[in-house]
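Order of the sequence lines sets the chain letters (A, B, ...), proteins ahead of strands, with each chain counted from 1. Just so you know, these numbers use all the heavy atoms, side chains as well, and skip hydrogens, waters and symmetry mates.
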Amino acid sequence: MKNKTFYITTTLPYVNAEPHIGFAMEIIRADIIARWKKLLGYDVFFNTGTDEHGLKIYRKAQELNIPVQKYCDEAAQKFKDLTNMLGISPEVNFIRTTDPHHIAAAQEFWKRVDKGGFIYKKNYSVKYCVGCELEKTDSELINGRCPLHPLQDLEIIEEENYFFKFSVFQQKLLDMYEKNPSFVLPDFRFNEIKAFVKRGLEDFSISRLASKMPWGVVVPRDESQVMFVWFDALINYISSTGWPDCVADFERRWVNADGVVQYCGKDNLRQQSAMWQAMLMAAGLPNSKTIVIDGFITGEGGVKMSKSLGNTVNPLKIVTQYGKEALRYYLAREVSSFEDSPFTMEKFKEAYNAGLANGIGNLVSRVMKMAQDNLEAPIKVPVSVGDATSGAIPDDFKAAIERFDIHAASNIIWQHISEADHIIQDRQPFKLIKTDKVAAQGIIRDLCVRLFVIAQMLGPILPDTSGTIKELIKTNKTPATPLFVRK
RNA sequence: CGCGGGGUGGGGUAACGGUAACCCGUCAGGCUCAUAACCUGAAAAUUGCUGGUUCGAUUCCGGCCCCCGCAACCA
């Protein structure tokens with residue numbers, strides 16, 4: 001029998017800035033789901049990568065006075081390194097929008113959309129601030145003026161661009177939403193995008209003049225234009241599967257997959273759940289199946305993180321200080337699955353001590369010490385540790401993770417940890433062993449089984465810790481050093 | 001009347017028609033298998049304000065106040 005397949009992707013971070021905690025959260029969550037599905041026996045295709053075209057990157061490289069490609073190569077390497085540092089599944093697919101295959105795919109995609117009659121040319125006027133030397137959008141302006149240079153009049157630059165007929169997809173999108181009642185999660189985000197589409201859609205420009213900004217995918221049959229970075233970047237979700245060359249892979253990984261999940265932050269709601277879906281429709285390709293929207297990690301007091309406020313958090317620094325499992329723990333358990341959540345180093349340390357050092361770490365030490373000293377042999381554990389259907393994993397945990405509520409799923413694990421601590425306190429096997437060895441051994445074996453179940457659930461979230469615990473149970477050893485040293 | 005999210009003990013969150021649960025912190029006690037860990041108990045919330053529905057609302061409805069995103073090409 002052929003394995004069921006599952007597709008999951010993050011958005012591709014734009015390489016004009018250092019990796020930030022928000023993206024770390026997104027990719028860790030996607031990884032948790034990917035690992036979970038793998039545990040269930042799915043053939044999982046897990047995609048991430050880097051978005052490398054566009055004006056901002058072009059300018060950034062110019063500022064640094066290095067070739068754009070070189071800048072992108074270095075930046076992409078940084079994000080690749082990040083995936084290792086965060087303990088992301090090693091088999092993750094890493095796509096770069098500058099990969100030749102992706103570029104070819106983007107051009108093929110364009111051709112199909114064009115063939116369908118959804119691309120046309122028209123004048124596009126850009127508001128340009130000479131002071132900033134940047135194009136400005138209306139939302140950036142205050143009273144129609146650049147807030148940084150309010151005395152200067154904005155220049156209006158007219159250029160001819162290609163546009164995508166987004167407007168004609170309003171009803172098709174609404175119909176698609178209707179047919180897929182959980183297309184966007186959580187539901188309040190789904191409502192938001194529905195309301196947005198109902199208000200009416202405007203066509204958007206999808207190219208730029210190559211003479212002004214050459215760093216992009218060349219438009220087929222018109223070398224004077226390059227694709228606007230959004231358009232090309234979104235296509236990665238299918239070019240990564242092999243489309244259009246390997247149709248078989250595309251069909252297996254995307255078209256016929258049992259799940260096609262796109263994880264993204266709330267700032268990406270429109271792009272993922274409306275624009276990209278319309279683009280797929282225009283190219284005659286099947287839609288995604290689920291879009292999961294994360295909240296933001298904020299600074300103290302719910303304030304937005306920003307460099308100017310100095311409240312940003314570097315995920316690599318945390319990994320260096322506390323380890324990747326600690327960061328994964330925090331992002332899974334302490335951060336709301338769908339709403340904004342604050343982050344401070346103080347909170348992080350508290351959570352680390354409470355959940356990891358005092359929680360799972362301490363429990364492993366106390367249970368395995370008793371087991372090592374009082375059991376003649378390791379307990380028998382389910383042979384196939386990867387078999388999540390064996391009944392070892394509680395149903396409520398399964399349900400929570402299946403609805404992408406990683407926070408709730410994590411809480412269930414820690415309930416089990418607390419329960420085990422209570423059992424030790426109430427039944428005192430360490431004392432009972434002196435008077436009724438058989439009974440005490442029974443309790444200790446039961447505790448080992450409970451610990452094994454906990455390790456099973458921990459698998460997708462803290463893969464290393466899960467493996468370590470299982471190994472200790474199998475060899476009936478207490479850890480030589482604490483799993484998580486108290487900080 | 002642009003759209004959406006939120007206001008719950010000192011901090012962070014949960015619940016959701018029947019007087020509030022959890023984590024951190026504080027205080028007192030217990031245990032000794034364990035990482036100054038673990039367990040028990042205590043102090044601490046009129047659940048933003050205000051009307052209404054109801055036998056009963058934190059939970060439903062209306063009004064108001066405040067905070068935060070988004071408001072289209074911000075990749």
Exercise. A34(B) pairs with which nucleotide, Watson-Crick or G-U wobble, both distances below 3.5 Å?
Worked result: none
For this session: Go through C73(B), A72(B), U35(B) for me and flag the one nearest to the F166(A) side chain.
Result: A72(B)
Exercise. Is there a donor-acceptor pair closer than 3.5 Å between any side-chain N or O of Q372(A) and the backbone N or O of T478(A)?
Worked result: yes
Exercise. Using atom C1' of each nucleotide, how far apart are A45(B) and U40(B) to the nearest Å?
Worked result: 23 Å
Problem set entry | Spacing of the P atoms in G4(B) and C64(B) (rounded, Å) | 15 Å
For this session: Using atom CD1 of I413(A) as one end and atom P of C23(B) as the other, report the distance to the nearest whole Å.
Result: 16 Å
Exercise. Now, which nucleotide makes the Watson-Crick or G-U wobble pair with U53(B), with each of the two distances under 3.5 Å?
Worked result: none
Problem set entry | Closest-nucleotide ordering on RNA chain B, the 5'-leading residue of R333(A) and R199(A) | R199(A)
Seminar exercise, completed: Comparing nearest nucleotides in RNA chain B, the 5'-proximal residue of the pair F188(A), I206(A) is F188(A)
Exercise. Mind checking the C1' distance from C3(B) to A43(B)? Whole angstroms is fine.
Worked result: 44 Å
Problem set entry | M370(A) side, atom CE; L447(A) side, atom CG - distance, nearest 0.5 Å | 5.5 Å
Problem set entry | Salt-bridge criterion met for K212(A) and E159(A) (N-O under 4.0 Å) | yes
For this session: Take atom P in C38(B) and the same atom in G25(B), then report the distance between them in whole Å.
Result: 9 Å
Problem set entry | Nearest-angstrom distance from the residue atom CD of E159(A) to P of C73(B) | 14 Å
For this session: Could you work out the separation of C70(B) and C74(B) based on their P atoms and round it to a whole Å?
Result: 14 Å
For this session: Write down the partner of G41(B) under the Watson-Crick or G-U wobble criteria, each distance required to be under 3.5 Å.
Result: C27(B)
Problem set entry | Whole-Å P distance, G69(B) and U13(B) | 15 Å
Problem set entry | Spacing of the C1' atoms in U59(B) and A21(B) (rounded, Å) | 14 Å
For this session: Measure centre to centre between the rings of F204(A) and W230(A), then say whether the value is under 6.0 Å.
Result: no
Seminar exercise, completed: Letter by letter from the 5' end, nucleotides 25-34 of chain B scores (B base, S sugar-phosphate only, - none; protein heavy atoms under 4.0 Å) -----BSSBB
Problem set entry | Rounded distance (nearest 0.5 Å) linking atom OG1 of T50(A) with atom CG of L82(A) | 11.5 Å
For this session: Using the P atoms only, state how far C61(B) lies from G7(B), rounded to an integer number of Å.
Result: 15 Å
For this session: Could you check whether the rings of Y330(A) and F343(A) sit parallel, tilted or perpendicular, using 30° and 60° as the cut-offs?
Result: perpendicular
For this session: Scan every strand shown for a Watson-Crick or G-U wobble partner of C73(B), both distances under 3.5 Å, and answer none if you come up empty.
Result: none
Exercise. Counting side-chain heavy atoms from C-beta on, which of U35(B), A71(B), C73(B) comes nearest to R270(A)?
Worked result: A71(B)
For this session: Please determine if a side-chain N or O atom of N358(A) lies less than 4.0 Å away from the OP1 or OP2 oxygen of C38(B).
Result: yes
For this session: Taking the six-membered ring of F190(A) (Phe, Tyr or Trp), confirm whether the NZ or CZ of K194(A) is under 6.0 Å from its centre and within 45° of its axis.
Result: yes
Exercise. Taking the side chain of A354(A) as heavy atoms from C-beta outward, which of C73(B), C23(B), A72(B) is closest to it?
Worked result: C23(B)
For this session: Name the orientation class of the two ring planes belonging to Y162(A) and W110(A) (parallel below 30°, tilted from 30 to 60°, perpendicular beyond 60°).
Result: perpendicular
Exercise. Nearest-Å distance, CG (D51(A)) to P (C74(B))?
Worked result: 13 Å
For this session: Would you mind reading off the distance between K56(A) atom NZ and C73(B) atom C1', rounded to a whole angstrom?
Result: 12 Å
Exercise. Between F169(A) and F118(A), what is the ring plane arrangement, given parallel below 30°, perpendicular above 60°, and tilted in between?
Worked result: tilted
Exercise. So, is H422(A) close to the U40(B) phosphate, meaning a side-chain N or O under 4.0 Å from OP1 or OP2?
Worked result: yes
Seminar exercise, completed: Applying the 3.5 Å cut-off to both distances, the Watson-Crick or G-U partner of U8(B) turns out to be none
Exercise. How is Q271(A) classified with respect to the nucleic acid when contacts are heavy atoms under 4.0 Å: base, sugar-phosphate, or nothing?
Worked result: base
